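Since the model is a prediction, treat every value here as computed from it, not as a measurement.
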Amino acid sequence: ALATGATPAHAADAPQGGAAKPNIVYIVADDLGWKDVGFHGSDIRTPNIDKLAAQGARLEQFYSQAFCTQTRAALMTGRYPSRYGLQTVVIPSNGTYGLATDEWLLPQALQKAGYETAIIGKWHLGHAKREYWPKQRGFDYQYGPLLGEIDYFTHSAHGTRDWFRDNEPVKEDGYVTTLLGDDAVRLIEKHDTAKPLFLYLAFTAPHSPYQAPQEYLDKYASIADPSRRAYAAMITAMDDQIGRVLAALDARGMRDDTIVVFQSDNGGPRSAKFTGEIDMSKATIPCDNGPWRDGKGTLYEGGTRVVSLIDWPGHVKPGTVVDETMHVVDMYPTLARIAGAKPGDKPLDGVDVWPAIAEGKPSPRTEVVYNVEPLMAGVRQGPWKLVWKTSLPSQVELFDLANDPGEKKNVAAEHPEIVAKLQQRVEQLSRESVPPLLLQAASGVAMKELFGSVALPPEAEGDHVDVAL
């Protein structure tokens with residue numbers, strides 16, 4: 001059954017009367033703080049993102065997962081990551097697993113519906129085996145990193161270049177954000193407008209390492225902290241590339257027929273534990289999530305309530321602010337229905353939220369599943385949000401988001417019946433889950449490391465004897 005209890009998205013009517021299918025440009029920022037855009041009051045300059053927000057709809061209760069792999073998987077599948085084992089942290093750089101190949105992804109559905117499909121930017125849904133790569137998962141064209149946390153100038157991580165075009169390694173010079181913008185513009189310029197386009201433009205910015213060209217750093221010379229200065233520069237550099245993409249759509253006469261979605265993959269990190277593989281423990285964490293508690297890697301609002309907007313000229317009223325609950329899994333069924341694409345046979349967790357965006361109707365989403373994994377879970381029904389840390393000593397928190405959106409007061413002791421109801425829901429979702437692939441992989445590595453040799457002081461070591469364990 002659907003986790004929301006709503007009508008399956010593929011039961012909704014497809015476009016009627018052979019209406020032309022719109023282009024879709026889905027833009028994802030990486031680790032962007034909720035407040036770090038101009039339309040949320042930031043001093044960081046984002047004029048192109050702000051213009052999109054003014055022309056379209058701001059989605060002010062839009063939820064992602066707390067980590068990037070999880071959110072990207074949820075977007076691609078329309079299903080919670082716990083359904084296929086990606087609910088714990090991210091796929092590590094040396095991880096050999098990926099997004100299950102029996103999941104029917106959004107690009108596959110759109111491709112079958114007649115779209116040209118392209119990913120320009122970060123994938124992070126499996127890299128160790130080619131069967132997990134984007135070209136094998138419904139994308140006609142691919143350019144960029146398979147993981148994502150790379151040096152912005154060398155395009156490498158741990159000494160390995162992570163930069164590909166159509167499954168082939170590419171060696172080239174340039175700043176990652178600019179290269180992605182360049183490629184997106186070229187794609188649009190060459191696109192056959194007789195065929196609808198799905199462009200998944202997944203920037204690595206402003207994820208660490210915090211690096212930017214000098215011309216962008218100079219724009220923020222007044223910011224004393226080097227991490228915040230570079231972070232701000234990265235966001236403005238990304239905004240400039242978004243502006244170039246929109247200009248390219250205009251130049252081709254495609255803009256009025258294009259849905260543009262923008263979101264961050266999770267909240268900005270507020271702890272060095274979650275900035276990535278670069279050690280930020282002695283530096284300032286530059287992200288700002290505004291009024292929301294904490295950030296990336298947590299189930300609090302700061303980790304999961306993200307910047308998001310949608311624009312489609314003539315279909316979304318300019319200046320709309322949607323304060324209805326939505327989750328990233330909803331974008332698959334919403335876009336698929338508009339595009340006349342058919343999801344796969346597996347039940348979706350997402351629901352079609354287009355009426356809430358375009359017509360001002362209530363969202364059909366009745367709950368938010370922040371995540372469900374062995375060590376923690378979060379679920380919200382109505383204003384009531386449960387955050388349950390199950391590892392001993394366990395911790396149960398209940399928040400009334402209607403009266404306490406900043407999650408400052410734990411009211412679990414005052415509402416035991418609500419806690420029990422939400423815990424029961426978590427247990428149900430847990431029983432429907434696949435064990436986390438990360439924990440399986442980590443367990444194998446740990447067992448080999450801990451039980452594959454004998455640790456004795458050097459003076460006590462005897463002769464080595466091979467023993468099969």
Fill in: Thr88 and Glu373: CA distance, side-chain angles, deciding distance, side chain to side chain donor-acceptor pair (under 3.5 Å) verdict
CA-CA 7 Å; Thr88 299; Glu373 58 171 321; 2.7 Å; yes
Just by distance, no angles: are the side chains of [X] and [Y] close enough, under 3.5 Å, to form a donor-acceptor pair?
X      : Y      : result
His155 : Glu172 : no
Tyr26  : Gln263 : yes
Thr46  : Asp50  : yes
Thr258 : Asn23  : yes
Asp151 : Gln211 : yes
Asp225 : Thr284 : yes
Trp133 : Gln142 : no
Tyr84  : Thr77  : yes
His124 : Glu149 : no
Asn410 : Glu397 : no
Tyr143 : Asp166 : no
Arg380 : Tyr63  : yes
Arg431 : Gln428 : no
Glu301 : Tyr370 : yes

Heavy-atom side-chain proximity of [X] to [Y] below 4.5 angstrom:
X      : Y      : result
Trp354 : Ile338 : yes
Pro107 : Ile119 : no
Pro145 : Thr204 : yes
Leu309 : Ile49  : yes
Tyr332 : Arg79  : no
Met376 : Asn371 : no
Ile120 : Tyr200 : no
Leu438 : Tyr97  : yes

Taking the basic N atoms (NZ, or NE/NH1/NH2) and the acidic carboxylate oxygens, is any pair closer than 4.0 Å for [X] and [Y]?
X      : Y      : value
Arg255 : Asp311 : yes
Glu131 : Lys129 : no
Asp183 : Arg165 : yes
Glu367 : Arg425 : yes
Arg244 : Asp182 : yes
Glu407 : Arg305 : no

For [X] versus [Y], what's the shortest heavy-atom pair and its separation?
X      : Y      : result
Arg228 : Ser42  : NH2-OG, 4.1 Å
His127 : Ser93  : NE2-O, 2.9 Å
Leu147 : Lys122 : O-CG, 2.9 Å
Val89  : Gln70  : O-NE2, 3.1 Å
Pro206 : Tyr231 : CG-CE1, 3.5 Å
Cys287 : Gly268 : CB-CA, 3.8 Å

Would the distance check show the side chain of [X] and the main-chain N or O of [Y] forming a donor-acceptor pair, the cut-off being under 3.5 Å?
X      : Y      : result
Ser363 : Glu324 : no
Ser264 : Leu32  : yes
Asp30  : His207 : no
Asn266 : Cys68  : yes
Arg229 : Ala224 : yes

Verify the neighbour count for atom [atom1] of [X]: are there more than 12 heavy atoms of other residues, nucleotides or ligands below 6.0 Å?
X      : atom1 : value
Lys409 : NZ    : no
Gln214 : CD    : yes
Asp173 : CG    : no

Worksheet item: Parallel, tilted or perpendicular for Phe139 and Phe198, by the 30°/60° rule?
Response: parallel
Item to complete: Determine the interplanar angle of the Trp34 and His40 rings, folded into 0 to 90°, and report it as parallel if under 30°, tilted if 30 to 60°, perpendicular if over 60°.
Response: parallel
Discussion item. Using the ring centroid of each side chain, check whether His327 and Phe62 are separated by less than 6.0 Å.
Written reply: no
Discussion item. Between Tyr216 and Asp240, is the side chain to side chain donor-acceptor pair (under 3.5 Å) condition met? List the steps.
Written reply: CA-CA 10 Å; Tyr216 283 98; Asp240 280 354; 2.6 Å; yes
Item to complete: May I have the step-by-step check of salt bridge (charged side-chain N to carboxylate O under 4.0 Å, His left out) for Asp239 and Arg45, ending in yes or no?
Response: CA-CA 8 Å; Asp239 183 83; Arg45 295 185 285 279; over 6 Å; no
Practice prompt. Please say whether the positively charged group of Arg293, taken as NZ for Lys or CZ for Arg, lies over the ring of Tyr300, i.e. under 6.0 angstrom from the six-membered ring centre and within 45 degrees of the axis.
Written response: yes
Worksheet item: Val307 and Asp36: side-chain contact (heavy atoms from CB on, under 4.5 Å), yes or no, with the steps?
Response: CA-CA 9 Å; Val307 177; Asp36 293 323; over 6 Å; no
Item to complete: Determine, step by step, whether Tyr210 and Thr275 satisfy the side chain to side chain donor-acceptor pair (under 3.5 Å) criterion, reporting the C-alpha distance in whole Å, the side-chain angles of both residues, the deciding distance to 0.1 Å, and the verdict.
Response: CA-CA 10 Å; Tyr210 300 120; Thr275 53; 5.7 Å; no
Response to the item:
The residue among Asp349, Asp352, Asp330 that forms salt bridge (charged side-chain N to carboxylate O under 4.0 Å, His left out) with Arg365 is Asp330
Discussion item. For a side-chain contact (heavy atoms from CB on, under 4.5 Å) check, start with the C-alpha distance between Gln241 and Phe203, then their side-chain angles and the critical distance, and finish with the verdict.
Written reply: CA-CA 10 Å; Gln241 297 309 313; Phe203 288 102; 4.0 Å; yes
